[in-house]
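Every number for a ligand or one of its atoms is a count from 1 in the order of the listing.
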Amino acid sequence: MICSQTILTRAGQKHMLGQQTDSAFPSASTREDFVRNLAAVRARIAAACARVGRAPDEVRLLPVSKTVDEARIRLAYDAGCRELGENKVQEAMQKWEAMSDLDGVRWSVIGHLQTNKARHVARFASEFQALDSLHVAEALDRRLQHEGRSLDVFVQINTSGEASKYGLAPEQAAAFIQALPAYTSLRVRGLMTLAALSADQSRVRDCFVLLRSLRAQLQQDAPHGVDLHELSMGMSGDFEVAIEEGATVVRVGQAIFGARNTPDKFYWPDASPSSDETV
Ligand SMILES: *Cc1c(COP(=O)(O)O)cnc(C)c1O
């Protein structure tokens, strides 16, 4: 068993280094807790938008409910969450089935997908944010045709250069995007990234800047029907920086649901502090 004090999260590290101004992520176990946490996150989104002259409604908040149990997700729903992001397909599908009575929930799969699990995503997801393989695109499209559904997709880009991160290298993105119109059930919406796991804010910001400039470059000869408007970037520890750099979707878990006990390396294999950091 892992002792909770030894778990290092991105935000936890920053907190220890004194760069995080808010306290550790407050837990949420009542509807009121969720109302409070959601309002706090929305206020921070609005403040970040104001700093750079953006309108708050340009930024979509995607609450990330991974590891959160059904009872607490229902409380978040009561507090107004209508979109839920999940990293793992199996967990997402179980929750979708268990909560099919809730009206109007959109499930977004934001984690790496293996081709053999594409059929699950095709059944229930409204959105898939981690597309980085044409095999997966092909499998999704085939199953979506079968289901008579379509799916919003984001192309995941590895902007940090960390081997532990999924996603395409930036220089692979153009050719990849040219191939996507063949998969007619996929509606390409934009790009997604995870910033470097670093306490150095300028390194984190560089990742977001790279995603935005890559979008500008790709938009110049995007194939017909491919819309690259969206930039999904920013999580609990870095969403304000992401908004300053143009995020249109922020994926926020812990700042809404409370600190998670599962270390990030469960989601990003080998995610560990990089060697340039003192922790
Ligand atoms: C868990 C997760 C998030 C949210 O992280 P928090 O630290 O909980 O805000 C965002 N994106 C992806 C891909 C995730 O797996």
Between the protein and ligand 1, are there any N or O atom pairs that come within less than 3.5 Å of each other, and if so, what are their names and distances?
residue  : atom   : partner : partner atom : Å
ligand 1 : 7 (O)  : Gln254  : NE2          : 2.9
ligand 1 : 8 (O)  : Gly253  : N            : 3.4
ligand 1 : 8 (O)  : Gln254  : N            : 2.8
ligand 1 : 8 (O)  : Arg260  : NH1          : 2.7
ligand 1 : 8 (O)  : Arg260  : NH2          : 3.3
ligand 1 : 9 (O)  : Ser236  : N            : 2.9
ligand 1 : 9 (O)  : Ser236  : OG           : 2.5
ligand 1 : 9 (O)  : Gly253  : N            : 2.8
ligand 1 : 11 (N) : Arg251  : NE           : 2.9
ligand 1 : 15 (O) : Lys66   : NZ           : 2.6
ligand 1 : 15 (O) : Asn87   : ND2          : 2.7

Does Thr67 form a side-chain hydrogen bond (donor to acceptor under 3.5 Å, both in side chains) with Glu91? I'd like the steps, not just the answer.
CA-CA 8 Å; Thr67 75; Glu91 181 177 346; 5.7 Å; no
With a 3.5 Å cut-off and sequence neighbours excluded, list the donor-acceptor pairs that the side chains of residues 206-214 form with protein atoms.
residue : atom : partner : partner atom : Å
Arg212  : NH1  : Glu245  : O            : 3.2
Arg212  : NH1  : Glu245  : OE1          : 2.8
Ser213  : OG   : Val209  : O            : 3.1
Ser213  : OG   : Leu210  : O            : 3.2

Residues which pass salt bridge (charged side-chain N to carboxylate O under 4.0 Å, His left out) with Arg123, listed by chain and number, not counting sequence neighbours
Glu97
Looking at Asp132 and Lys165, does any basic side-chain N land under 4.0 Å from a carboxylate oxygen?
no
For Lys95 and Ser65, indicate whether the former's side chain and the latter's backbone hold a donor-acceptor pair under 3.5 Å.
yes
What residues, two or more places apart in sequence or in another chain, satisfy salt bridge (charged side-chain N to carboxylate O under 4.0 Å, His left out) together with Asp152?
Arg106, Arg187, Arg189
